[in-house]
*Asks:* 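Starting off with a structure, shown below.
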Amino acid sequence: MSYDSAKAQFADWGVDTEAAIERLKDISISVHCWQGDDVAGFETKSGTSGGGIQATGDHPGRARTPDELRADLEFAYAQIPGAHRLNLHAMYMDTSETPDRDAIEYHHFAPWVDWAKDQGIGLDFNPTFFAHAKADDNLTLAHPDQGIRDFWIEHGIRTRDIAGRIGAELGTPSVNNIWVPDGYKDIPIDRMAARSRLETSLDQILATPKDNMLDAVESKLFGIGVEACTVGSHEFYLGYAIRNKTLLCLDMGHFHPTENIADKLSAVALSLPEILLHVSRPMRWDSDHVILLNDDILAMAQELVSADLLGRTHIGLDFFDATISRTAAWVIGTRNMQKALLQALLRPWGRLRAAEDALDFTTRLVVTEELKDLPYGTVWAEFCARLDAPTGQALASDLDRYQSSVAGR
Ligand code: RNT
Ligand code: ZN
């Protein structure tokens with residue numbers, strides 16, 4: 001089918017494909033660095049990942065150095081239409097120095113910023129509260145030991161300074177997202193004490209307002225090894241974010257498997273100015289599978305468009321699969337997020353809303369079902385062609401060729 005006839009089909013429903021394409025061009029997705037190396041990072045490791053972060057698989061080609069990771073990212077970005085961001089974790093420092101987490105400074109990350117300038121992309125940032133001996137108890141900011149808490153508080157403070165400097169250098173605010181693995185494997189006696197400690201530690205980290213960066217906090221339901229209690233639960237962080245005016249990070253893998261995360265967006269957005277998403281695909285648990293173009297992702301995209309939240313939602317990705325080509329995983333997942341957004345932008349929202357407001361749920365159902373037959377793929381192919389990104393078999397062979405070139409690592 002030609003783009004012109006697809007355009008006419010959408011126009012029949014009152015949908016402007018050109019407007020959708022233009023809007024999609026402006027949506028930057030924050031691509032997570034950690035899919036490229038199984039969340040390993042570039043420090044001398046002294047602990048286990050913790051909190052249930054687990055990349056499974058041993059596919060050849062894992063990036064072992066910042067240069068390899070950047071090369072892989074450059075390839076991936078070239079297969080993803082549009083201009084996107086990189087989400088960096090503190091454990092991905094690029095330096096010959098060996099600072100501990102409480103001693104990291106901007107210069108340890110400067111090569112990433114130079115590269116980002118070169119690529120014309122923005123950077124987001126994250127403190128790393130796992131994969132460290134001082135996190136091996138699965139307690140960091142909520143640890144009963146003041147010394148351990150202070151170590152992690154200092155880490156958090158430094159990441160905010162670094163994120164602010166990154167944001168200033170790149171002219172786009174850097175979202176600094178706090179996730180801690182803190183929790184208990186078995187039933188705790190004093191949840192309140194742990195949550196109070198987490199709150200006090202966060203208060204200390206966030207004490208000074210900072211320019212050029214945005215603070216976010218990420219909740220979780222449970223992790224392997226912290227089955228009984230996660231200190232930073234959804235209720236904890238929803239309240240914390242509202243009280244302290246931070247962003248709330250909703251990770252799609254951090255809720256009960258039958259919860260509808262898309263449904264939470266409008267509810268949360270009434271109390272918070274901005275939201276951060278970790279788009280992921282939990283399978284039975286927080287398994288961080290590569291996102292598919294499935295109903296969950298489509299529903300997220302539809303809510304972002306329908307509730308007019310695109311302007312105040314930072315879309316980040318959070319999945320890691322080491323059983324397939326890591327670069328292909330980035331490309332497939334990011335493109336799926338974009339495809340979902342495109343489909344959402346191609347809906348006749350006025351008509352659907354009118355049916356719903358008139359309690360005409362029959363029309364609402366007929367229309368949403370008929371819309372499924374529209375030629376979204378043709379509009380997507382046009383979008384990719386305009387932005388010089390491959391589709392179909394060309395994409396498959398590009399991904400394969402690159403994977404073969406890194407398989408010897
Ligand atoms: C862990 C959280 C967190 C991490 C990254 C690596 O369950 O989802 O966002 O995945 O910080
Ligand atoms: Zn996450």
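Just the heavy atoms: all of them, side chains too, but no hydrogens, waters or symmetry mates, feed the values below.
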*Asks:* Check whether Asp100 reaches the backbone of Ala103 with its side chain - one donor and one acceptor, N or O, closer than 3.5 Å.
*Replies:* no
*Asks:* Okay, side chain of Ser28, backbone of Ala83: is any donor-acceptor separation there less than 3.5 Å?
*Replies:* yes
*Asks:* CG of Asp357: more than 12 outside heavy atoms within 6.0 angstrom?
*Replies:* yes
*Asks:* Any carboxylate oxygen within less than 4.0 angstrom of a Lys/Arg side-chain nitrogen, looking at Lys264 and Glu259?
*Replies:* yes
*Asks:* To the nearest 0.5 Å, what is the distance between OG1 on Thr200 and CD on Gln146?
*Replies:* 9.5 Å
*Asks:* Can you give me the closest heavy-atom contact between Ile166 and Val113, atom names plus distance?
*Replies:* CG1-CG2, 3.8 Å
*Asks:* Hey, mind stepping through Tyr92 and Phe109 against ring-ring contact (aromatic ring centres under 6.0 Å, His included) and telling me if it holds?
*Replies:* CA-CA 8 Å; Tyr92 287 80; Phe109 300 89; 9.6 Å; no
*Asks:* Applying the side-chain contact (heavy atoms from CB on, under 4.5 Å) test to Val175, which of Glu274, Met213, His314 qualifies?
*Replies:* His314
*Asks:* Begin from the C-alpha positions of Asp286 and Lys220 and carry the test salt bridge (charged side-chain N to carboxylate O under 4.0 Å, His left out) through to its verdict.
*Replies:* CA-CA 9 Å; Asp286 182 25; Lys220 189 159 173 166; 3.3 Å; yes
*Asks:* In the structure I gave you, are the side-chain heavy atoms of Asp124 and Leu276 within less than 4.5 Å of one another anywhere?
*Replies:* no
*Asks:* I'd like to know if the side chain of Asn212 reaches the main chain of Pro173, judged simply by a donor and an acceptor atom lying under 3.5 Å from each other, with no hydrogens or angles considered.
*Replies:* no
*Asks:* Would you say the side-chain atoms of Trp349 pair up with the backbone N or O of Ala344, donor to acceptor, closer than 3.5 Å?
*Replies:* yes
*Asks:* Does Trp179 reach the side chain of His278, with side-chain heavy atoms less than 4.5 Å apart?
*Replies:* no
*Asks:* With a 4.5 Å heavy-atom cut-off, do Asp94 and Arg70 have their side chains touching?
*Replies:* yes
*Asks:* I'd like to check His108 versus Ser96 (side-chain heavy atoms, cut-off strictly below 4.5 Å). Are they in contact?
*Replies:* no
*Asks:* Counting C-beta onward and ignoring hydrogens, is there a side-chain heavy-atom pair between Arg281 and Asp296 closer than 4.5 Å?
*Replies:* no
*Asks:* Does Asp145 have more than 12 heavy atoms from other residues, nucleotides or ligands lying within 6.0 Å of its CG?
*Replies:* yes
*Asks:* Going through the checks in order, is the salt bridge (charged side-chain N to carboxylate O under 4.0 Å, His left out) test met by Arg160 and Asp215?
*Replies:* CA-CA 8 Å; Arg160 292 182 75 233; Asp215 293 297; 2.8 Å; yes
*Asks:* Anything under 30° is parallel, anything over 60° is perpendicular, the rest tilted; go ahead and classify Tyr77 against Trp115.
*Replies:* tilted
*Asks:* Answer yes or no: are there more than 12 heavy-atom neighbours, outside Asn260 itself, under 6.0 Å from its atom CG?
*Replies:* yes
*Asks:* Dump the intermediate steps for salt bridge (charged side-chain N to carboxylate O under 4.0 Å, His left out) on Arg158 and Glu154, then the final yes or no.
*Replies:* CA-CA 6 Å; Arg158 283 170 183 257; Glu154 182 63 26; 2.7 Å; yes
*Asks:* Exactly one of Lys25, Arg23, Arg386 should register a salt bridge (charged side-chain N to carboxylate O under 4.0 Å, His left out) with Glu18. Which one does?
*Replies:* Arg386
*Asks:* Using only atom types and a distance under 3.5 Å, with no angle test, would you say the side chain of Glu169 pairs donor to acceptor with the backbone of Arg165?
*Replies:* no
*Asks:* Testing the 3.5 Å rule here: is there a donor-acceptor pair between the side chains of Tyr3 and Thr17?
*Replies:* yes
*Asks:* Taking atom types as modelled, find out whether Glu43 and His132 have a side-chain donor-acceptor pair closer than 3.5 angstrom.
*Replies:* no
*Asks:* Please check: side-chain N/O of His84 versus main-chain N/O of Ile29, any donor-acceptor pairing under 3.5 Å?
*Replies:* yes
*Asks:* Would Asn126 and Asn176 count as a side-chain hydrogen bond (donor to acceptor under 3.5 Å, both in side chains) if you check the C-alpha gap in whole Å, the side-chain angles of each, and the deciding distance to 0.1 Å?
*Replies:* CA-CA 5 Å; Asn126 305 259; Asn176 193 48; over 6 Å; no
*Asks:* Can you find a heavy atom in the side chain of Val305 that is under 4.5 Å from one in the side chain of Leu310?
*Replies:* yes
*Asks:* Would you please test Ile332 and Phe319 for side-chain contact (heavy atoms from CB on, under 4.5 Å) and show each step?
*Replies:* CA-CA 11 Å; Ile332 295 163; Phe319 50 77; over 6 Å; no
*Asks:* I need the single residue from Asp321, Asp37, Asp38, Asp72 that forms a salt bridge (charged side-chain N to carboxylate O under 4.0 Å, His left out) with Arg326. Which is it?
*Replies:* Asp38
*Asks:* Between Arg335 and Gln338, does any side-chain donor sit less than 3.5 Å from a side-chain acceptor?
*Replies:* no
*Asks:* Please state whether the rings of Phe129 and Trp152 are parallel, tilted or perpendicular, taking 30° and 60° as the class boundaries.
*Replies:* tilted
*Asks:* Could you check Tyr376 against Phe10 for ring-ring contact (aromatic ring centres under 6.0 Å, His included), going step by step and ending with a plain yes or no?
*Replies:* CA-CA 9 Å; Tyr376 300 99; Phe10 280 101; 5.4 Å; yes
*Asks:* Could you tell me which residues satisfy side-chain hydrogen bond (donor to acceptor under 3.5 Å, both in side chains) with Thr334, sequence neighbours excluded, listed by chain and number?
*Replies:* none
*Asks:* Can you label the angle between the His89 ring and the Trp34 ring as parallel, tilted or perpendicular, going by 30° and 60°?
*Replies:* perpendicular
*Asks:* Does the pair Arg353 and Glu356 meet the rule for a salt bridge (charged side-chain N to carboxylate O under 4.0 Å, His left out), with working shown?
*Replies:* CA-CA 5 Å; Arg353 218 167 265 132; Glu356 184 163 285; over 6 Å; no
*Asks:* Does some side-chain heavy atom of Pro257 sit less than 4.5 Å from a side-chain heavy atom of Trp285?
*Replies:* no
*Asks:* Would you mind reporting whether Leu304 and Leu277 have side-chain heavy atoms less than 4.5 Å apart?
*Replies:* yes
*Asks:* Just by modelled atom types, is the Met91 backbone N or O under 3.5 Å from a matching donor or acceptor in the Thr128 side chain?
*Replies:* yes
*Asks:* Has Met1 got more than 12 heavy atoms of other residues, nucleotides or ligands less than 6.0 Å from its CE?
*Replies:* yes
*Asks:* Spell out, as yes or no, whether a donor-acceptor pair under 3.5 Å connects the side chain of Trp330 to the backbone of His32.
*Replies:* yes
*Asks:* Is there a donor in the side chain of Thr172 and an acceptor in the side chain of Arg85, or the other way round, less than 3.5 Å apart?
*Replies:* yes
*Asks:* So, for Val15 and Leu345, which heavy atoms are closest and what is the spacing to 0.1 Å?
*Replies:* CG1-O, 4.5 Å
*Asks:* Would you please test Ser280 and Asp318 for side-chain hydrogen bond (donor to acceptor under 3.5 Å, both in side chains) and show each step?
*Replies:* CA-CA 5 Å; Ser280 193; Asp318 189 5; 5.6 Å; no
*Asks:* Using the rule given for side-chain contact (heavy atoms from CB on, under 4.5 Å), can you reason through Ile104 versus Arg101, listing the C-alpha separation, both sets of side-chain angles and the distance that settles it, and then say yes or no?
*Replies:* CA-CA 6 Å; Ile104 53 168; Arg101 300 273 173 84; 5.5 Å; no
*Asks:* Under 3.5 Å, is there a donor-acceptor pair linking the side chains of Ser233 and Thr230?
*Replies:* no
*Asks:* Quick one: does any side-chain atom of Ser30 pair with a main-chain N or O of Gly316 as donor and acceptor, under 3.5 Å?
*Replies:* no
*Asks:* Begin with the C-alpha distance, continue with both residues' side-chain angles, and end with the deciding distance and a verdict on side-chain contact (heavy atoms from CB on, under 4.5 Å) for Ile297 and Val279.
*Replies:* CA-CA 8 Å; Ile297 303 301; Val279 184; 3.6 Å; yes
*Asks:* May I have the step-by-step check of side-chain contact (heavy atoms from CB on, under 4.5 Å) for Phe236 and Val217, ending in yes or no?
*Replies:* CA-CA 10 Å; Phe236 174 90; Val217 290; over 6 Å; no
*Asks:* Taking Leu352's backbone N and O only, do any of them form a donor-acceptor pair with Arg364's side chain (distance below 3.5 Å, no angle check)?
*Replies:* no
